[in-house]
Amino acid sequence: MTSLLTIDHVSKDFDTTRALDDVSLEIRPNEFFALLGPSGCGKTTLLRAIAGFEDPDDGRISITDADGQETDLLALPPDKRPVNLMFQSYALFPHMNVRKNIAYGLEREGLSKQEINSRVDEVLETVGLVDKAKARPAQLSGGQRQRVALARAIVKRPRLLLLDEPLSALDRKVRAEMQMELKRLQHEVGITFVVVTHDQEEAMSMADRIAVMHDGRVQQVADPVTLYSRPANVFVADFIGSGTLLPGDVGATGFTALGRTLPGSNPSSVSGPAVLVLRPESVRVDGDDGVLDGTVVETHFYGGSSITAVRVDGVDGPVVSRDRGAPRHEVGQSVHLSWSADDAVILEAGSGADGP
Amino acid sequence: MTPAQTSERGASGRRALSARTVFAGPGLLYITVFMTLPLLLILTYTFFTRGRFGGVVWDFTLDNYGRAFEPVYLKVFGTSMLIAGITTVLALLLGYPTAYAITRLSPKWRTVALVLVVLPFWTNFLIRTYAWIILLNSEGPLNRALLDLGIIGAPLGLLYTPGAVIVGLLYAYLPLVVLPVYASIERVDRQLLEAARNLGAGRARTFLDVTLPLTLPGVMIGAIFVFVPSMGNFVVPELLGGGKTVMVGNLIRDQFLEARDWPFGSVIALFVVGLLVALFALQAAIARRINGKKVARV
């Protein structure tokens with residue numbers, strides 16, 4: 001498949017810090033792509049470079065239109081790029097009402113009044129704000145402002161829509177609703193979305209593919225399931241989901257830690273110092289048999305599922321197991337832990353950590 | 001809530017009240033004694049008859065207000081408005097770009113630039129105005145330079161003209177435009193400018209559609225800061241206008257000190273205060289409209 005947006009070896013320095021370090025990404029037409037990482041990882045800088053508000057020191061960013069014609073984005077000023085950005089603060093014009101805000105981008109294209117009106121009406125309908133058309137941003141709730149910002153960006157029908165932390169300003173309940181709505185909207189309007197977020201749940205639930213960034217570098221690009229079950233390095237394993245990272249070594253007999261050989265899969269053929277990733281739902285707690293011994297320190301029941309935390313001598317922090325139904329073990333009980341080799345990934349120790 | 005808690009709340013409420021009194025009290029007292037009371041006194045004077053050697057005779061009359069509309073005084077008002085208006089427009093045309101440029105400097109140079117803007121205030125106003133007499137007179141450096149360069153054949157009569165008055169007022173009040181305009185440009189969220197660019201507006205368009213409307217309240221404050229004191233200024237018209245240009249400020253001063261007509265002087269002073277209040281009310285209304293805070297709910 002040809003990609004829509006090509007980011008090719010892009011680097012950017014701010015004084016002494018390297019915000020983007022040789023970043024390359026291919027974003028496909030009509031996909032919901034997420035840039036995920038902790039604050040300061042470079043994801044917002046990358047987004048701003050695509051929109052034209054940061055100049056990369058190195059590399060190329062280009063967009064390919066439906067006919068296969070490639071355009072160098074870096075050669076264009078921000079107002080000439082076929083890319084729209086929804087700002088984290090929404091950046092709605094306070095002196096214009098909702099309708100004027102949304103129409104602004106279309107007016108700049110020089111469209112006829114009639115066409116502008118019909119397109120604004122249409123998008124107001126889509127985001128459910130028909131009755132707020134005459135309101136000023138100051139009179140709207142956070143969720144409504146977010147929808148105006150979205151409407152203002154999608155009404156331009158860009159090939160690519162960039163969203164900078166689109167949901168961070170909303171409270172939890174509204175956020176869950178808007179996640180669904182964003183996803184629905186993306187299908188409806190058929191625009192490629194690139195969303196920047198630090199919230200892994202948000203990225204996992206919305207995106208088709210995710211690029212995990214850290215220290216200005218792309219750590220892994222994959223779909224959410226792969227990212228969770230087959231992390232490429234220790235940083236990704238630690239950042240995505242929860243679980244225990246068990247340090248050990250890979251030798252002739254496989255992964256060894258705490259003086260035992262433990263089951264694990266080794267897709268990237270790691271040898272030497274290594275880390276075993278144990279996800280809570282992969283770990284089984286059993287009274288009779290297992291590969292590690294420990295003592296139950298905590299149990300929590302969440303209705304549908306329960307969590308059992310087990311302290312294992314020689315391991316920092318408890319190993320956590322998640323299971324369906326009520327907890328089957330009591331605090332203080334001696335138990336055995338087991339997992340299947342397929343569900344535990346072996347990664348090179350320290351991989352994906354802070355760069356040079 | 002238990003009674004003990006209630007009384008505790010009451011006590012802390014009283015403490016807050018007394019703290020407010022301590023902090024705001026001296027300022028309020030000062031303003032009351034030296035601003036509000038004199039204003040009330042001026043208002044009172046306007047309704048009575050002039051005393052022979054200044055002061056007032058307590059005979060009630062409305063004639064003072066009628067006199068203000070006599071052609072000779074209306075002309076002074078007209079001249080003042082024109083000169084103050086031209087000064088204000090020039091101050092905005094010079095001050096806005098200056099303020100804009102300062103906001104685009106690095107933080108260090110921004111501080112330096114702002115200090116330079118207010119630096120003239122550290123010198124006595126009279127001395128600064130006298131300096132203009134030296135600069136503009138027929139033997140002054142400006143005329144000399146123009147003569148030496150052969151641009152003019154004979155010295156220009158620059159001094160003692162309305163133009164000289166405008167130059168003097170502009171020089172006096174330009175910083176008062178730069179500072180509020182600077183503050184309002186500084187407050188414009190840069191993301192709004194980026195949003196406009198992102199939506200397809202070029203630099204000039206972004207300035208006209210976003211920066212300018214959002215800084216209009218600051219521009220109006222700056223305009224008021226120049227316009228009102230320009231109208232009331234009597235030193236510059238006298239020194240640089242040579243007494244040929246009579247402005248409201250001169251009129252007020254003459255009524256009190258020369259004509260000894262305090263009631264009529266008070267009427268004119270009150271007009272200037274009223275104008276100031278009206279302009280500030282207009283500014284506040286426009287600021288509210290721009291920020292969308294007080295638009296009828298829909």
Side-chain angles (χ1 to χ4, degrees), chain A residues 44 47-48 50-54 76-111 129-140 145 148-149 151-156 158 160-162 164, chain B residues 96 100 103-110 180-181 183-223 282-298:
Chain A
T44 298
L47 202 73
R48 291 173 57 79
I50 299 170
F53 300 122
E54 301 290 353
L76 298 173
D79 47 300
K80 297 278 189 280
R81 299 192 183 192
V83 165
N84 282 109
L85 170 59
M86 189 183 132
F87 290 83
Q88 182 173 8
S89 67
Y90 307 146
L92 300 177
F93 303 126
H95 56 302
M96 299 182 193
N97 66 26
V98 169
R99 172 172 282 280
K100 286 291 286 176
N101 261 284
I102 297 173
Y104 188 78
L106 299 178
E107 285 166 2
R108 298 288 74 73
E109 286 178 38
L111 300 177
L129 283 175
V130 176
D131 56 331
K132 294 287 178 194
K134 292 228 166 59
R136 291 285 192 88
Q139 299 166 322
L140 302 176
R145 279 179 216 177
V148 176
R152 189 174 69 173
I154 62 176
V155 78
K156 298 262 292 176
L160 183 64
L161 179 62
L162 310 171
D164 188 6
Chain B
Y96 198 107
Y100 190 90
T103 62
R104 262 54 191 170
L105 295 174
S106 70
K108 195 183 94 192
W109 286 108
R110 220 178 294 167
V181 172
S184 69
I185 297 175
E186 182 68 16
R187 263 204 309 276
V188 174
D189 181 357
R190 298 259 171 132
Q191 291 216 324
L192 293 178
L193 309 181
E194 291 181 349
R197 297 299 305 277
N198 185 253
L199 292 167
R203 281 175 196 282
R205 192 80 227 183
T206 300
F207 175 79
L208 289 176
D209 288 347
V210 182
T211 311
L212 196 56
L214 290 178
T215 52
L216 210 53
V219 167
M220 287 201 61
I221 291 279
L282 182 68
Q283 190 274 343
I286 287 174
R288 270 202 307 274
R289 257 204 79 79
I290 284 168
N291 292 314
K293 295 271 163 54
K294 275 254 175 87
V295 184
R297 275 211 165 257
V298 276

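Each chain gets a letter, A, B and so on, in the order its sequence line appears, and its residues count up from 1. Bear in mind the structure is a predicted one, so any value in this text is a computation, not a measurement.
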Colleague: Compute both the distance and the angle, then confirm whether B:Arg190 meets the cation-pi test with A:Phe53: under 6.0 Å from the six-membered ring centre, within 45 degrees of the axis.
Modeller: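 Pair B:Arg190/A:Phe53 does not count as cation-pi.
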
Colleague: Kindly give the heavy-atom pair with the smallest separation between A:Asn101 and A:Pro137, and that separation in Å.
Modeller: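 Looking at all heavy atoms of both residues, the shortest contact is ND2-CG, 3.9 Å.
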
Colleague: Checking B:Arg203 against chain A: side chain, backbone, both or neither under 4.5 Å from a heavy atom?
Modeller: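 When you check distances to chain A, no heavy atom of B:Arg203 falls under 4.5 Å.
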
Colleague: What part of A:Leu106 gets within 4.5 angstrom of chain B, counting heavy atoms only: side chain, backbone, both, or neither?
Modeller: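 No part of it gets close to chain B.
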
Colleague: Taking the side chain as every heavy atom from C-beta outward, state whether B:Asp209 and A:Glu107 have any pair of such atoms under 4.5 Å apart.
Modeller: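 A side-chain contact is absent here, since even the closest heavy-atom pair is not under 4.5 Å.
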
Colleague: Select, from A:Arg48, A:Lys80, A:Met86, A:Arg81, the one with the greatest count of heavy-atom pairs under 4.5 Å involving chain B.
Modeller: A:Arg48

Colleague: Between the main-chain N or O of A:Leu140 and the side-chain N or O of A:Arg145, is there a donor-acceptor pair closer than 3.5 Å?
Modeller: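 Here the side-chain-to-backbone pair exists.
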
Colleague: At a 4.5 Å cut-off on heavy atoms, which part of B:Leu214 comes close to chain A: side chain, backbone, both, or neither?
Modeller: side chain

Colleague: Side chain, backbone, both or neither: which part of B:Asp189 has a non-hydrogen atom closer than 4.5 Å to chain A?
Modeller: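 Interface part for B:Asp189: side chain.
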
Colleague: Is it true that the side chains of B:Tyr100 and B:Thr215 contain a donor and an acceptor less than 3.5 Å apart?
Modeller: no

